[in-house]
Protein chains: 2
Amino acid sequence: MNKTIADIAELAGVAKSTVSRFLNGGSVSKATRQKIEQVIKEYHYVPNTFAQSLKARKTNIIGTVVPRLDSFATSQTLMGIDDELRNANFQMLISNTSQDMKREIEAIYDFARQKVSGIILLAAKISDAHLKAAEDTKIPILLVGQQHPNLYSLIHDDYNAGMTMGRHVYEQGHRQIAYLGVTEEDIAVGVQRKAGFKKSLENTPCQVRYYETSFKMTDAVNAAARILDEFTPSIIVCATDNIALGVMKAAYLKNIAIPSTLSVTGFGGYDVTEIIHPTLTTIRFFYKEAGKVAAHHMIRLVREEHIDKITKMSYELLERGSVDKRPNPSL
Amino acid sequence: MNKTIADIAELAGVAKSTVSRFLNGGSVSKATRQKIEQVIKEYHYVPNTFAQSLKARKTNIIGTVVPRLDSFATSQTLMGIDDELRNANFQMLISNTSQDMKREIEAIYDFARQKVSGIILLAAKISDAHLKAAEDTKIPILLVGQQHPNLYSLIHDDYNAGMTMGRHVYEQGHRQIAYLGVTEEDIAVGVQRKAGFKKSLENTPCQVRYYETSFKMTDAVNAAARILDEFTPSIIVCATDNIALGVMKAAYLKNIAIPSTLSVTGFGGYDVTEIIHPTLTTIRFFYKEAGKVAAHHMIRLVREEHIDKITKMSYELLERGSVDKRPNPSL
DNA sequence: CTGAAAGCGCTTACAG
DNA sequence: CTGAAAGCGCTTACAG
């Protein structure tokens, strides 16, 4: 069986407390140290984490709640969090909720049971139940991708990203524009991103129509088909890259050439947008980087150090092949 | 602070052992039960998992080691594992190794420290270090996606999938074929998939050339460019969907029409293959389903019930738009 | 049905 | 520098 600290102590001819002190970097004489070291190596001793955590009444674990695992943004963010946490000797625990809000709340309480030191929450929407869970558990919580006045948060600069995209589209000469967005329940993507876009087109002669779809590519295909039946925009600005892929698909199905007849843009910067043809003009967010920052902030929170209530990540416009320049916009 | 079982016992006017018995479904009189129930509810008592695990000397945790998080196959598999484990009241712990084999080994030992009950390993390659870790830790290990004589495994039927693809390509009239595969260090994808394909074309008049690239789309773009410079196949059969996407990209860049001039196929069945244009003919593997089966098998293993040493998952050929029918193959 | 006691494997004051 | 003892929050025989 696995050795315990008592076994090691006996084998090394010292007391348990001495072994413990050695393990935790306390002062131990050279001779003792060497003896203990040797025994530990020989028997492959590793401390039992439960006993440690039970004593410490806390852990080095940060829980991360994600709505889904199969999304570019989520994977990248998780990898960033994991990397940074690992460097700081923290461990990441993932709880996938499959977009079920009830499970999101449960996940917080479950994490509390497991005495995680902090929780990073990638949620699309913050409800009262979330806030109550945060209070009940008294565990530091950091929101990623969304913001809320009562919680610490790290967000992508959706509003300005929307503005940047709007300006770009305008500068390329587009005047008949469809914006294909998502539900306003999602503050970051559904509200902010759209608001920035709308703002950038104020006082311009553009005709802009707003539509809504889900985050799924297949729904976007249908939504695009409907748009193109009732309207002839020169461009469809999509709230996410996945939606943009759906729109491109719809255009192919209708034999509409991209970008010459219809331009398309996305938001996200997923890898695949560079591989498809034409390549997709989009806004790149720094998901992995955001994960690292989130982990870093979380650690500060755990150590009760100060962090800003809200931190904004940057973004980048990627001008690629899916947007046509319209040289003579009819002003 | 959080209540302990001692607090609850005191508040309910009973002994700790009685509360514990109640919690674990032992026999408790009705009156006592009600009293305890009420106190627990009132104080939101939840047992400390560490203390429980420390006593039990084991956990309900299954560790899953993955080489990366940002892959369709991995995400789907993880979601399947998570779903099934959750149903059985087990918890999933994920360790991402970023394709670093050293970290893969470390992950196994780390999981051992945390006393996980079993480990599901999504590895591309099984080394002696893996086997040693399995022995050292004495924790049941289940391989997913790869097989090894010494370990339990769950695999996709790569060999037959390769054969199916080979036959399909042949039946569509292709005779000049390039196969763009991956390193043979990966037994499932690099060896089996290719072997099945090769087998299916034995004793046919096909001219087949074999090439190798990495799993990255960008590398595939370059590999395809090289192939097309030295050879004029009517089809490039790619070992994964990502590679196929890279090949399609290369074709676009060279102004080669797909499928009329060059056909392309993949393996995997990623969502995006249905959205791109043309849609990709590929083999669909059942990743999520495999995750569920893996979790189910793992639980049986933990309970010391019998499972087959090796289980094969099925697959499905998706005939789509990226393969052209060549009506008069020059026999 | 119920309770006192021992013990899971650690760490942490406290003496020496 | 070192060790004996208490305690973290549970569960599990063992008596009663």
Side-chain angles (χ1 to χ4, degrees), chain A residues 1-40 43-61 89 91 110 112-117 137, chain B residues 1-40 43-61 89 91 109-117 137:
Chain A
M1 259 336 286
N2 281 326
K3 297 286 174 217
T4 72
I5 198 170
D7 300 327
I8 302 302
E10 194 180 337
L11 288 161
V14 298
K16 289 192 300 175
S17 34
T18 305
V19 178
S20 176
R21 221 176 300 114
F22 165 81
L23 254 19
N24 295 291
S27 50
V28 182
S29 75
K30 195 171 171 200
T32 322
R33 186 202 329 279
Q34 288 177 335
K35 185 64 191 151
I36 296 177
E37 237 161 15
Q38 187 233 307
V39 176
I40 285 182
Y43 292 92
H44 294 105
Y45 169 72
V46 281
N48 179 315
T49 38
F50 296 120
Q52 290 179 315
S53 301
L54 180 57
K55 273 305 287 185
R57 294 154 125 227
K58 65 178 184 103
T59 61
N60 281 315
I61 301 174
N89 274 314
Q91 203 197 352
D110 279 352
R113 282 191 59 177
Q114 299 182 66
K115 304 279 182 281
V116 302
S117 299
T137 60
Chain B
M1 258 339 283
N2 282 325
K3 298 285 174 215
T4 71
I5 199 170
D7 300 326
I8 301 302
E10 194 181 339
L11 287 160
V14 298
K16 289 193 300 175
S17 34
T18 306
V19 178
S20 176
R21 221 175 300 117
F22 165 81
L23 255 18
N24 296 291
S27 49
V28 181
S29 75
K30 197 174 170 199
T32 322
R33 186 202 329 280
Q34 288 176 337
K35 186 65 191 149
I36 296 178
E37 239 161 16
Q38 188 233 307
V39 175
I40 286 182
Y43 293 91
H44 294 106
Y45 169 72
V46 281
N48 180 315
T49 38
F50 297 120
Q52 291 179 315
S53 302
L54 179 57
K55 273 304 288 187
R57 295 153 127 229
K58 65 175 183 108
T59 61
N60 281 315
I61 301 173
N89 275 312
Q91 203 196 351
Y109 287 104
D110 279 351
F111 277 150
R113 283 191 57 178
Q114 299 182 64
K115 304 281 183 283
V116 301
S117 299
T137 61

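Naming: A, B, ... by sequence-line order, numbering from 1 per chain.
With a cut-off of 3.5 Å on both pairing distances, the Watson-Crick and G-U wobble pairs of DNA chain D assemble into stems of 3 or more at C:1-3 with D:14-16, C:5-12 with D:5-12, C:14-16 with D:1-3.
The NZ atom of A:Lys35 sits 11.5 Å away from atom CD1 of A:Ile40, with the distance rounded to the nearest 0.5 Å. One distance of note links CD1 of A:Ile61 with OG1 of A:Thr49; it measures 8.0 Å at 0.5 Å rounding. Rounded to the nearest 0.5 angstrom, B:Gln114 CD and A:Thr59 OG1 are separated by 10.0 Å. Here the straight-line distance linking atom CD of A:Glu37 with atom CD1 of A:Ile8 works out to 12.5 Å at 0.5 Å rounding. Rounded to the nearest 0.5 Å, atoms CG (B:Asn60) and NZ (B:Lys58) are 6.0 Å apart.
The stretch residues 27-38 of chain B touches DNA chain C through B:Ser27, B:Val28, B:Ser29, B:Thr32, each having a heavy atom within less than 4.0 Å of the strand.
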Practice task
Using a 4.0 Å cut-off on protein heavy atoms (strictly under), produce a 5'-to-3' string for nucleotides 8-16 of chain D with B for base contact, S for backbone-only sugar-phosphate contact, and - for none.
Solution key: BBBBB----
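For the pair B:Arg21 (side chain) and B:Gly26 (backbone), a donor-acceptor distance under 3.5 Å is absent.
Annotation: side chain of A:Lys16 is not in contact with side chain of A:Thr4 (no heavy-atom distance under 4.5 Å).
Listed here is the closest heavy atom pair of B:Ala15 and B:Ala9: C-CB, 3.7 Å.
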Handout entry: Test side chain to side chain contact (heavy atoms under 4.5 Å, CB included) applied to A:Phe50 and B:Arg57, step by step
Key = CA-CA 9 Å; A:Phe50 296 120; B:Arg57 295 153 127 229; over 6 Å; no
Handout entry: B:Val19/B:Val14 under side chain to side chain contact (heavy atoms under 4.5 Å, CB included): CA gap, chis, key distance, verdict
Key = CA-CA 7 Å; B:Val19 178; B:Val14 298; 3.7 Å; yes
